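Quantities reported herein were computed from a predicted structural model and do not represent experimental measurements.
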Amino acid sequence: MLHDLAYAQTILGDLAGAEQNLRRALKIWEAALGADDARVGALLTALGDVMVKAGRPGEAVSMLERSVRIAEVQGAPRERVADARVSLARAVWAAHGDREAALAIAEEAAAAYRAAGAVRANFLAELESWMREVSARPAPRRVEPRAR
């Protein structure tokens with residue numbers, strides 16, 4: 001329920017409320033399902049997306065990296081892993097201006113979307129458009145340092 005409310009809040013632009021409810025849901029789900037459950041990974045992707053939209057992509061990167069790892073380890077469908085990678089690519093670009101890393105992550109997602117065919121054609125078209133934009137524009141001005 002909290003994640004559904006957070007989704008609605010995100011659409012309505014209440015990013016602070018969405019983040020609060022996603023964090024509450026994350027604590028509950030990690031306690032009930034375990035920290036590496038696939039559903040926890042999906043929740044991390046949603047939370048990372050909200051943080052990027054809220055202008056805090058640097059905080060989102062580690063969360064989204066964890067989401068990708070969980071999806072891979074849990075054997076999530078390739079498309080689910082790709083969704084997490086798209087979010088990670090956007091966060092890496094926004095936080096660090098690292099075009100090469102962002103595009104490499106995005107290309108992995110694009111390959112999965114291509115393999116999925118018509119089911120993910122819209123996702124692929126949107127991602128390829130974003131990749132062209134990133135390739136053509138300068139790095140974001142506010143670039144956060146990469147964690148070492």
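A pairwise comparison of heavy atoms in Met51 and Ala60 identifies CB-CB, 4.0 Å as the closest pair. Heavy-atom minimum distance, Val92 versus Ala102: CG1-N, 4.1 Å. Annotation for Leu43 and Ala25: closest pair CD2-C, 3.6 Å, computed over non-hydrogen atoms. Of all heavy-atom pairs between Arg137 and Trp93, the closest is O-CH2, 4.0 Å. When every heavy atom of Ala35 is checked against every heavy atom of Val40, the shortest pair comes out as O-CG1, 3.6 Å. Smallest separation of non-hydrogen atoms from Leu64 and Thr45: CD2-CA, 3.7 Å.
Two residues are said to be in side-chain contact when any heavy atoms from C-beta on lie closer than 4.5 Å; Leu103 and Glu107 fail this criterion.
Ser67 contributes no side-chain N or O that, together with a main-chain N or O of Met63, makes up a donor-acceptor pair within less than 3.5 Å.
With hydrophobic clusters built from ILVMFWY side chains whose heavy atoms lie under 4.5 angstrom apart, Val119 does not share a cluster with Val86. In the hydrophobic cluster analysis, where Ile, Leu, Val, Met, Phe, Trp and Tyr join through side-chain heavy atoms closer than 4.5 angstrom, Val81 is grouped apart from Ile70. Taken together through direct or relayed side-chain contacts under 4.5 Å among Ile, Leu, Val, Met, Phe, Trp and Tyr, Leu44 and Ile28 form part of one hydrophobic cluster.
For the atom pair Leu2 CG and Asn21 CG, the distance stands at 5.0 Å (nearest 0.5 Å). Interatomic distance, CG of Asp36 versus CZ of Arg66, reported as 6.5 Å (0.5 Å rounding). With values rounded to the nearest 0.5 angstrom, Glu72 atom CD is found 10.0 Å from Arg80 atom CZ.
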Steps toward side-chain contact (heavy atoms from CB on, under 4.5 Å) verdict (Glu30, Leu26) = CA-CA 6 Å; Glu30 284 179 326; Leu26 183 62; 3.9 Å; yes
Take Glu65 and Leu88 through the side-chain contact (heavy atoms from CB on, under 4.5 Å) test and state the conclusion after the steps.
-> CA-CA 7 Å; Glu65 288 172 336; Leu88 176 58; 3.7 Å; yes
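Listed by first then second residue, pairs satisfying salt bridge (charged side-chain N to carboxylate O under 4.0 Å, His left out) with a partner in residues 37-51 read Asp37-Arg39, not counting sequence neighbours. Pairs engaging residues 5-19 under the salt bridge (charged side-chain N to carboxylate O under 4.0 Å, His left out) rule: Glu19-Arg23, Glu19-Arg56 [sequence neighbours left out]. Sorted by first and then second residue, the pairs that involve residues 16-63 and meet ring pair (Phe, Tyr, Trp, His ring centres under 6.0 Å), not counting sequence neighbours, are His3-Trp29.
Within a 6.0 Å radius of CD in Glu133, more than 12 heavy atoms belonging to other residues, nucleotides or ligands are found.
Not counting sequence neighbours, the partners of Arg120 by the salt bridge (Lys or Arg N to Asp or Glu O under 4.0 Å) test are Asp83. For Ala112, the side chain to side chain contact (heavy atoms under 4.5 Å, CB included) partners at least two apart in sequence or on another chain are Arg78, Ala82.
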Contacts under 3.5 angstrom, residues 122-130 side chains, donor-acceptor by atom type, not counting sequence neighbours:
residue : atom : partner : partner atom : Å
Glu128  : OE2  : Arg114  : NH2          : 3.2

